[in-house]
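Residue numbers start from 1 in every chain, and the chains themselves are labelled A, B, ... in the order their sequence lines are given, proteins ahead of strands.
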Protein chains: 2
Amino acid sequence: MATIKDVAKSAGVSIATVSRVLNGSANVKQATRDAIQRTIQELNYMPNALARGLQKKQSKTIGVLFPDATSYYFAEIIRGINTCIQQAGYRIVVSSAHDAADEANVFLSLWKSQQVSGMIVMMPSTHNATIFNSTQRSIPLILLNTAITDGADITITIDNYQGAKEITKHLIEHGHQAIGFIHGAPNNHDSEERYRGYQDALNEGNLTRSSHLEFHGNFTENSGYRAVISLLNQSEKPTAIFAANDAMAIGAVEAARQLSLQVPQDIAIVGFDDISTARYINPPLTTMNVPVLEIGEMAGNHLIRLLEDNRQVVTREITVPVHLVVRESCGCPKEK
Amino acid sequence: MATIKDVAKSAGVSIATVSRVLNGSANVKQATRDAIQRTIQELNYMPNALARGLQKKQSKTIGVLFPDATSYYFAEIIRGINTCIQQAGYRIVVSSAHDAADEANVFLSLWKSQQVSGMIVMMPSTHNATIFNSTQRSIPLILLNTAITDGADITITIDNYQGAKEITKHLIEHGHQAIGFIHGAPNNHDSEERYRGYQDALNEGNLTRSSHLEFHGNFTENSGYRAVISLLNQSEKPTAIFAANDAMAIGAVEAARQLSLQVPQDIAIVGFDDISTARYINPPLTTMNVPVLEIGEMAGNHLIRLLEDNRQVVTREITVPVHLVVRESCGCPKEK
DNA sequence: ATAAAAAATGTAAACGTTTACATTAAAACA
DNA sequence: TGTTTTAATGTAAACGTTTACATTTTTTAT
């Protein structure tokens, strides 16, 4: 593999000059520049990213850290990040963490080994706030959808609270009085915020909440299924259910069918996320749409700006609005 | 950020000794080793991956290259790869390419800049075979699902041909005589192989094929939709349709409904991939299941072996079997 | 034509590691 | 005890770049 030395020798100049044309320095004669360019082509030379990174102290690589499970958001966010990152000459290294402890490890090792110039971390679990301490961190960090509002340069959070409130209100407008809630995984920030929204919507609608109307799931379809079985197996039955995500809502619909209940006539069910499956199930699921791709793009763009302009790092919190997608599972009439 | 020098000074030894404990060399006194370990902890030291990679000529990073669009396979394959790769101390850098030219660029730049010690490339487009020339390539390469059988160390391909044949035969067994086919994107290897399987199944079933029964889509739901509209708008109508992937099959089902045709009574529709949505649509889609996660794991494992054992690189072609998932869109009765 | 200023190029140190080789310390043997 | 063998540590070069500084070449002004 050709090195800068080979190019220099072959072009009859010093490596410094080659380096200068590589980095677009102004002070090099056009003729020399051309000759070197030609040699580079001939030798098929490409600078060693490791050597360059070592010298310049930056790897042109950004780390993306995900919780293990979340395969739904995953692909789209990566795709969003990649679009902007790639054309700025950066690469993405992805890692996933099994649990909070693992997350800290991966984060630290990525950072301390200087493998990344910046990081985008998605961490909906509410533990672990301290790792991101900005006083000792030297690279820009963007936190996605996390409970932590401090320590990162930018946090991007979807508006779980408003979204949940809105969709719950929608159910209230349908006349429901007993609205159930299926929690997501414990200690999950998204789930907690959605719960807050749900509660406040009930309060503002003067409905009393009751723990009999709640079930603790874990975001999986199966837990949504179990939730409905359990909720409807008691005297105080909900007439509508808001599941903290679509997967659970889908499981809930399944369970309702199993119990020979019509959705939405006998029980209305809504979710959150607007995953691609949501519009295909029967009945099509009313849910809150989360602009996942855009979130990825936003994160990528902001990080690039932080990295390139290395301007004043202003801690900023961005809240991404979500929007209600009315389909049929809430009781609204079919579209066309 | 602490360097090996800081550790050496602080522990009162030379950097060579520190390096030795870092790399687990046998020749270092236990007492010294302990002292150094302690210092490492204290200083929170972690070796600079760039410097190490530069010196060792390997980055402990593996490149994963995807075509831009394929967001379905994407997430699962990454996840599969990541599981094995991560515990072997490697990282994944993902890149996507818009088109074949771009693909070549990304491949070459990743490789030539020594950013990766190995690559996993997914390239279903049939162009571009030459870049992977193994004679001038120095890093292990695994090709996923590609037309190219030469140049890579290992190729992993899903058994499109057999799968397509099997599902087509299934339609034939239902008594269908006029079975339509919806092609995927042009020059796509998966699509072509599935077409081959379809053809051979027809032949073996003594059915004549007809270009009137074929439509050229591009793997999107929308193209499946248009396919059905077009196929059913002619005199020679199919009674069953095999779409080269599930997305198109779903579009096809949609279109059938639009035309007030019952699936499967009026027209049977089957797909390929078994994407998560397949079982939720109405009627649930009969399709071929592709073990995507397993393919990712397989690729990761093989690459690690290639990298670590650096044993004889034997060119191997692995074909991954797929299996028929019978649901209702083919005309089979409901399960339970 | 000559001196001064500006532009182009070269030299060498640095980035943080690993490792071959040289040196010193400890253990084994006589 | 002194010699030889073995184990532990140190020295310094190398990996492929970038860049401050020194040097040479070219241009401009006189």
Quiz item: Tell me, do Lys5(B) and Val18(B) make a side-chain contact under 4.5 Å, heavy atoms counted?
Solution: no

Quiz item: Closest to the Ile15(A) side chain: dT18(D), dT17(C), dG10(D)?
Solution: dT18(D)

Practice problem: Would you mind telling me which of Thr3(B), Leu22(B), Val7(B) makes a side chain to side chain contact (heavy atoms under 4.5 Å, CB included) with Pro47(B)? | Solution: Leu22(B)

Exercise. For the side chain of Lys57(A), starting at C-beta, report the closest nucleotide among dT9(C), dT18(C), dG16(C).
Key: dG16(C)

Practice problem: Name the closest nucleotide to the Leu22(B) side chain, picking from dT18(D), dT18(C), dC15(C). | Solution: dT18(C)

Practice problem: Grab the CD1-P distance between Ile40(A) and dT17(D) for me, whole Å please. | Solution: 10 Å

Quiz item: Among Glu76(B), Glu297(B), Arg79(B), which one satisfies side chain to side chain contact (heavy atoms under 4.5 Å, CB included) with Val292(B)?
Solution: Glu76(B)

Quiz item: Does OP1 or OP2 of dG10(C) have a side-chain N or O of Thr17(A) closer than 4.0 Å?
Solution: yes

Quiz item: Near DNA chain C, under 4.0 Å by heavy atom, which residues of residues 26-33 of chain A?
Solution: Asn27(A), Val28(A), Lys29(A), Thr32(A)

Quiz item: Taking the side chain of Ala16(B) as its heavy atoms from C-beta onward, which of dT17(D), dG10(D), dT18(C) lies nearest to it?
Solution: dG10(D)

Quiz item: Can you tell which of dG10(D), dG16(D), dG10(C) lies closest to the side chain of Val13(B)?
Solution: dG10(D)

Quiz item: Under 3.5 Å, is there a donor-acceptor pair between the Asn145(B) and Thr157(B) side chains?
Solution: no

Quiz item: Is the shortest heavy-atom distance from the side chain of Leu144(B) to the side chain of Ile77(B) under 4.5 Å?
Solution: yes

Exercise. Using atom CG of Asn48(A) as one end and atom P of dT17(C) as the other, report the distance to the nearest whole Å.
Key: 16 Å

Practice problem: Starting at atom CD1 of Ile36(B), determine the distance to atom P of dA8(D), rounded to an integer number of angstrom. | Solution: 13 Å

Quiz item: Want to settle it: does Leu54(B) or Ser14(B) sit nearer the 5' end of DNA chain D, counting the closest nucleotide to each?
Solution: Ser14(B)

Exercise. Return the value, rounded to whole Å, for the distance between atom CG of Asn23(A) and atom P of dA8(C).
Key: 17 Å

Quiz item: In Å, rounded to the nearest 0.5 Å, how long is the span from CE of Met298(A) to CD1 of Ile154(A)?
Solution: 10.5 Å

Quiz item: Which one, dT19(C), dT9(C), dT17(C), comes nearest to the side chain of Arg20(A)?
Solution: dT9(C)

Quiz item: Can you find a pair of side-chain heavy atoms, one from Ile62(A) and one from Val116(A), that are under 4.5 Å apart?
Solution: no

Quiz item: Can you find a pair of side-chain heavy atoms, one from Trp111(B) and one from Leu141(B), that are under 4.5 Å apart?
Solution: no

Exercise. Look at the side chain of Gln55(B) and decide which nucleotide, out of dT18(D), dG10(D), dT18(C), has an atom nearest to it.
Key: dT18(C)

Self-check item: dT18(C) phosphate, OP1 or OP2, under 4.0 Å from Arg52(B) side-chain N/O
Solution: yes

Quiz item: Expressed in angstrom and rounded to an integer, what is the separation of Lys56(B) atom NZ from dA13(D) atom C1'?
Solution: 18 Å

Practice problem: Can you tell me the distance, in whole Å, between the NZ atom of Lys5(A) and the C1' atom of dC15(D)? | Solution: 9 Å

Quiz prompt | Options dG16(D), dT17(C), dT18(D), nucleotide nearest the side-chain atoms of Thr3(A) | solution = dG16(D)

Self-check item: For atom CD of Gln58(B) and atom P of dG16(C), their distance in whole Å
Solution: 20 Å

Exercise. For the helix from dA1(C)-dT30(D) to dC29(C)-dG2(D), figure out the bend between the end axes, five pairs an end, and round to 10 degrees.
Key: 40°

Practice problem: Nearest whole angstrom, please: distance from the C1' of dC15(D) to the CD1 of Ile4(A). | Solution: 13 Å

Quiz item: Does the side chain of Asn188(B) pick up a donor-acceptor pair with the side chain of Glu192(B) at under 3.5 Å?
Solution: no

Quiz item: Between the side chain of Asn23(A) and the main-chain N/O of Arg20(A), is any donor-acceptor distance below 3.5 Å?
Solution: no

